[in-house]
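First up is the structure itself, then whatever we jot down about it.
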Amino acid sequence: MATLTKKRAKAIADTLLGAAMAPEVVVRVRDRVEGNTRFANGQPTTQGDVERLEISVTASIQGRSATVTSNRDDKDSLTALMAEAEELAVLSPENPEHVPPVGEARTLSVDGHDKATAKLGAKQRLTRVADAVKVAKDAGVEAAGFFQHHEESYAVATSAGGFQFWQGTEASLSVTCRTEDGSGSGRGSGVSHLAKAVEGGPIAAVAAEKADLSQSPKAIDTGRQLVILEAQAVADLLSFFVGSLDARAADEGRSFFARKDGGNRIGEELFHTSVNLRSNPADPDHPSRPFASDGQAHKVTQWVSDGVLRELTRSRYWAQQQKAQPVSAPGSLFMDGADVELLDLVRAVDRAVLVTRFWYNRMLEPRSILVTGLTRDGTFLVEQGKITTAVKNFRYNDSPVTMLSNVLALGRPQRVMSRGMVMVVPPMVVRDFNFSSLSDAV
Amino acid sequence: MSTSRRNFLRAASVAAGAGALSASSPRQAWADPAGSREPAPVKPPPSGDVGLLAGSPLLDAEALATAAIDAALKAGASYADARLVSWRRESLSVRDEHIRNVRRTSEFGLGLRVIADGAWGFAATHRVAPASKTAVETMQALAKQAVGAAKINAALRAQPVELAPMSPLVGQWVAPHGVDPFTVSPKDKADVLIAATKAALAVPGVLHATAGVQAQREEKLFLSSEGARIHQLMFRILPSLSAMAVSRRLGRFASRNHEIAPMLAGWEHVTDAKLDLDAPQIGEDAVRKLHAEAVEPGEQTVILAPSNLWLTIHESIGHPTELDRALGLEANYAGTSFMDPAKTGSLELGGEPIDFIADRTQPGGLATCAWDDDGAATERWDLVKDGKLVDWQTTRDQAHWIRDKTGDKDGHACSYGDSYASVAFQRMPNISLMPGKEGYTTEDLINATEDGILISGRGSWSIDHQRYNFQFSGQQFWKIEKGRLARPLRDVAYQANTVDFWKSCDMLGGEGSFRLGGSFGDGKGEPGQRNAVSHGCPPARFRVNVVNTGENS
């Protein structure tokens, strides 16, 4: 089953726009065909092949807006949807922060669709599951995991003449291996718009090796210490950083990026000079949708260069207020690194804790972006350049902004799992990372 | 109790419910969400007006669901069920004196679940318009896809899926509610919310106030190849109010959320809450929090109000008593459990006064319904008795995994899928901590405490993947000195290990202090699914490690 063509998406949008009485309308159409197989204890558990359609209309009448969403695409349903949006908009109080819809916008040309990935089914999924299970079995550990793929069509059309359409694919696999006695756990994962880049064997091999290495962990002291964060762990913390990059919160004094005497900290050197962060929907290896859900183009944006904050996201309303450019919340994040393997980072330190990933991360204090969470699926002590000991998992209380200030070395960036976003970041060595307590969890 | 007996009771309660509702004065029923201040009964509340199901569009697609089941059986399935699920969601939020967002979402589709060659298969589509010429072919294709995938996966299964025997039943249930939230205009809703934000903004020092309401309408028609036909309708509602105070001089801001719980209820839950009357207090609390003293970290006594403790129960007792999780089925995502099924009946989780019950029958409870998504009748059962683990959260296909340890043959009706497109699997029922027998009030707990902190409301939270080590914050913190509330504190979180925490509990409030808390956002599974669930508890006293979460900690 294929997702909507550009022509069909346009036809749905035109039907809605044609039925509109409201002067301002934004239409979003998202059609997704997805498949997944779960497995645990070495066998498949559940699977699903699912079609989802989301048609969303925001109608605005003199600054009064409402958004309605449905999954019916016949003509009568579309007309009814438009009418409901208008009816709710009229009833809604006026929003003084209303901005008119985005008009025609040039977007970057991005190829993120792979035919082979779009055609995957239960059979291809099971092949990967079988590969992963076999690797785990040969290594004497239990495998659990999840393979998922989707094809998606996404369109945004506006009454101001904007129309954007993009089709993309994605496949991802994550595998957790545990030793039979439950004393060791490791994880491997991969994600790409090309299913062929996501194979069961190699991902499971990483998970199995870590499960084996992480057995019978020892308790070591908590407190601030040198850490080597794998790329996944870096991304887990950076996702809070991305969520805090908002100009309005900064300008209103509510964020880390607020200046004490008012305004924001764009232009200030806030991080280590090796820190460079940017977004780019058109990255050839890691493409992402080149426009936001309101039809604004996602541009190549440099957030941090050489440790200096260069830009914040800015809603179109706030941009008007501040007489600045609007900047959409990004769909991708790339961080520069160095051409150095993770094991080279390990070899370069005397004593450090190596962290595979973080888990159950939650914001504690938005002003300093203080986050808490735990290490998971492989935490090790590195001594004299070698991984010597499996250690118990820690709870940490620390901040991605402190992490970016305390960077000592960077490794080679890699694509990691991240919710709703493409993230390509390096592993890094960070000093004074704050582990606050121990957990017995394996 | 035998399955047929349970089913009989259910059917009887539906009939009795319709009569009971018309006899009672609705206003009285709305004033206090029925039963939310006492632990759950053994069966769900009587149904609301089942007349609301009569004109349902789900009925128009029923023939297609039947066609899908027939096609699945023909394609080689040994079992099939179809869920037609219709969701409506509305969220409305205001900031200060104006509306920020009005959003309505509706979703309707069919999910077909099958067992073929001993493996599960699932396929789902939104293309269920009965008038469509291709609708029947769509169902046939869906059945082929689900059965085909099950057969493919069967090749790698070591043990076949096993369903506990169940007599199929036919029934209807509508969650009791006063006013369907979807009949109240956004303007009227916004008026109620803006009255509250204005009242909060009137407090000097409050810079912004936000308020919102999320309403859900979940309707589903479940049909199975065994002959079940179950039609249910649930309304859930989540009001919120928050005030924020900012001090540029201190370089700090503080926000204070109202502690109101989401409920299985209608719009009456919002109007009865009278948020505008509470708003000045919420505003004052925010300002007070801004200027409060930073907490001194270290091991301390805390009294946790129900508005805080419910989430700690959810995370430290709720998740680790999910049987699938304990057996490794969620190892790749949510994690496993520190509780070992082999130790059912002997594992000590707390002292003797600690009893947890699980149920999907709590009036007003977000997970409450009459039948689960396997078509099994809901009930109430002991999870932890006298401090010992005695049972688990289970479904029909998990019953045989633990039967030897618990004696429960049927499973505990915990199956739930969060949309037509989601596979139903084991999800959390309402789980509540039973009140103490001494009948203490919150004041009694405070008076009995020489030195400690009173924590109320929900703050940030985090817990490891086996549920040993957790850290929770809250909304409002009071230093207790010599049995009295001495002064407010800020930047407080408490960290503990689950078993140490529950074993340290030395005082429980009595029945009069029992309250429900809850969330729409209980996450589990891959792809992720959301479950709405409530937890009731009295206030209780513990020893924990207090952490300062402030900027300069």
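Everything numeric here is computed off the predicted structure, so don't read it as measured data. Note on naming: letters A, B, ... go to the chains in the order of the sequence lines (proteins, then strands), and numbering restarts at 1 for each one. All heavy atoms count here, side chains included; hydrogens, waters and symmetry mates do not.
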Contacting region of [X] [heavy-atom separation from chain B under 4.5 Å]:
| X | value |
| --- | --- |
| A:Thr37 | side chain |
| A:Asn36 | side chain |
| A:Arg64 | neither |
| A:Val175 | backbone |
| A:Arg419 | side chain |
| A:Arg52 | both |
| A:Gln148 | side chain |
| A:Arg254 | both |
| A:Glu97 | side chain |

Flag the one option from [options] with the top tally of heavy-atom pairs under 4.5 Å to chain B.
| options | value |
| --- | --- |
| A:Arg362, A:Arg125, A:Arg72 | A:Arg362 |
| A:Ala40, A:Pro44, A:Ala122 | A:Pro44 |
| A:Ser189, A:Ser174, A:Gly121 | A:Ser174 |

Which atoms of [X] come close to chain A, meaning under 4.5 Å heavy atom to heavy atom: side chain ones, backbone ones, both, or neither?
| X | value |
| --- | --- |
| B:Arg113 | neither |
| B:Ser473 | neither |
| B:Val161 | neither |
| B:Phe108 | both |
| B:Tyr333 | both |
| B:Gln471 | both |
| B:Glu97 | neither |
| B:Trp87 | neither |
| B:Phe122 | both |
| B:His98 | side chain |
| B:Arg88 | side chain |

Just give me the residue among B:Phe425, B:Phe253, B:Phe338 that pairs up with chain A most often, heavy atom to heavy atom, under 4.5 Å. B:Phe253

Please identify, among B:Gly525, B:Gly459, B:Ala119, the residue contributing the most non-hydrogen atom pairs under 4.5 Å to chain A. B:Gly525

Taking NZ, NE, NH1 and NH2 as the nitrogens, is one of them in B:Arg95 or A:Glu252 under 4.0 Å from a carboxylate oxygen of the other? yes

Using a strict 4.0 Å threshold on nitrogen-to-oxygen distance, state whether B:Arg252 and A:Glu365 make a salt bridge. no

Side-chain donor/acceptor of [X] to backbone N/O of [Y], under 3.5 Å:
| X | Y | result |
| --- | --- | --- |
| A:Arg376 | B:Asp464 | no |
| A:Asp49 | B:Ala123 | no |
| B:Ser460 | A:Met363 | yes |
| B:Arg248 | A:Asp261 | no |
| A:Arg395 | B:Ser462 | yes |

Nearest 0.5 angstrom please: B:Asn153 CG to A:Lys123 NZ, how far? 12.5 Å

Using 0.5 Å steps for rounding, measure from the CG atom of A:Asp73 to the NE2 atom of B:His126. 6.0 Å

Flag the pair B:His465 / A:Tyr360 as yes when at least one side-chain heavy-atom distance between them is below 4.5 Å, and no otherwise. no

So do B:Thr336 and A:Arg178 actually touch side chain to side chain, heavy atoms under 4.5 Å? yes

Stepwise side chain to side chain contact (heavy atoms under 4.5 Å, CB included) check, B:Trp120 with A:Thr45: CA-CA 7 Å; B:Trp120 283 119; A:Thr45 52; over 6 Å; no

We want to know whether B:Asn469 and A:Ser437 form a side-chain donor-acceptor pair, criterion being a heavy-atom distance below 3.5 angstrom. yes

Residue pair A:Ala130 / B:Leu156: nearest heavy atoms and the distance that separates them: CA-CD2, 3.9 Å

